[in-house]
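The block underneath contains the structure these notes are about, expressed in structure tokens.
None of the values given here were measured: they were computed from a predicted structure. What's counted below: heavy atoms across the whole structure, side chains too, no hydrogens, waters or symmetry copies.
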Amino acid sequence: MKVLDGKVVAAAWREQLLQKIEELKQENCVPGLAIVLAGDSKPSAMYAHFMEKVADSYGFKATIYHRGEDVTQQEMEQLIHELNQDNAVHGILLMMPLPRGLDTSRIISCMNPDKDVDGLTSVNLGRLAAGEDGHFPCTPRAVMAILDYYHIPLDGKRAVVLGRSKVVGRPISLLLEGRNATVTVCHSHTKQMDELAHEADILVAAMGRPEKVTACMVKPGAVVIDVGINRINGKTVGDVDYAGVSEVAGALTPVPGGVGSVTTTMVVDAIVREAGKRIK
């Protein structure tokens, strides 16, 4: 079985992105990321500060705009509008979840779709569905980056996606379909999910259920992409039973060290691409 190492993929992308950032700087353009953090979610705060360090490692600026748990709808919408108008900001990363009482959909809709680097807006989701260019959710893009790096053919292949969330499962299915895979999306109401999964040449697990995908669900030789990140007894595991599935699959992403390692790289890529549009 081949291990699809996300760290290797991220390193390859890093070299390309560093070169592009240097080219932008020569044009007096420094990419800028605005990280909007509201409330007291510790995971969100940790990721926001992690992205701040990632930006620093690439040589561009990330600024965290932190608002408290008592932030109002009007204040959040006003902040987004200000960032939309700020020419030094090329991308906005809105951390989830937002505090209770806020209308998340309305706040997302305030974002300029061209600065929506994680593809949350309806405009970008529509662009994805229509096969147009736009910013798409970074975790699905990370899945595609891994498949591409390891030259895994998609044309005509049977792909099964376990999970239909708007930020992971659904966008992955559209990206795979756009590359001529025949895609089936399974969810909590799907009957005979195990049998459908077993038919997949490419199986993407994005359910958020620890080690749910077992060896009996995997077609021998299939490519298995594990998007899940779960904590069990202090250990990080995916949605796939790695030990069991590794005996059957032809290729498999580890957790940690798989899709998650590439996701932040896709955030950087989105910002760099948007910054590049400003100087053309």
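Residues Val167 and Met207 fall into different hydrophobic clusters, defined by Ile, Leu, Val, Met, Phe, Trp and Tyr side chains chained together at heavy-atom separations under 4.5 Å. Both Met111 and Leu83 belong to a single network of hydrophobic side chains, linked directly or stepwise wherever heavy atoms of I, L, V, M, F, W or Y lie under 4.5 Å apart. No continuous path of hydrophobic side-chain contacts links Met144 to Val160 [ILVMFWY only; heavy atoms under 4.5 Å].
Here Asp56 contributes atom CG and Met51 contributes atom CE; the two are 11.5 Å apart, rounded to the nearest 0.5 Å. Between atom OG1 of residue Thr264 and atom CZ of residue Phe50 there is a gap of 4.5 Å, rounded to the nearest 0.5 Å. Separation of atoms CD1 (Ile108) and CE (Met96) is listed at 3.5 Å; rounding is to 0.5 Å. To the nearest 0.5 Å, the span separating OG on Ser105 from CG on Leu98 amounts to 10.0 Å.
No side-chain donor from either of Gln19 and Glu15 sits under 3.5 Å from a side-chain acceptor of the other. In summary, the side chains of Gln78 and Glu82 do present a donor paired with an acceptor at a separation below 3.5 Å, with no hydrogens or angles considered. Side chains of Arg158 and Thr184: a donor on one and an acceptor on the other come within 3.5 Å.
For the side chain to side chain contact (heavy atoms under 4.5 Å, CB included) with Ile225, the qualifying choice from Val143, Ile172, Ile152, Val161 is Val143, the only one to do so. Between Val71 and the options Arg67, Glu69, Gln74, a side chain to side chain contact (heavy atoms under 4.5 Å, CB included) holds for only Arg67. Tested against Asn124, the residues Asp118, Asp116, Asp114 include a single side-chain hydrogen bond (donor to acceptor under 3.5 Å, both in side chains) partner, Asp116.
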Return a table of donor-acceptor pairs under 3.5 angstrom between the side chains of residues 34-43 and protein atoms on other chains or two or more places apart.
residue	atom	partner	partner atom	Å
Ser41	OG	Ser44	N	3.3
Ser41	OG	Ser44	OG	3.2

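Cation-pi geometry between Arg127 and Phe136 is not met: the NZ or CZ atom fails to fall both under 6.0 Å from the ring centre and inside 45° of the normal.
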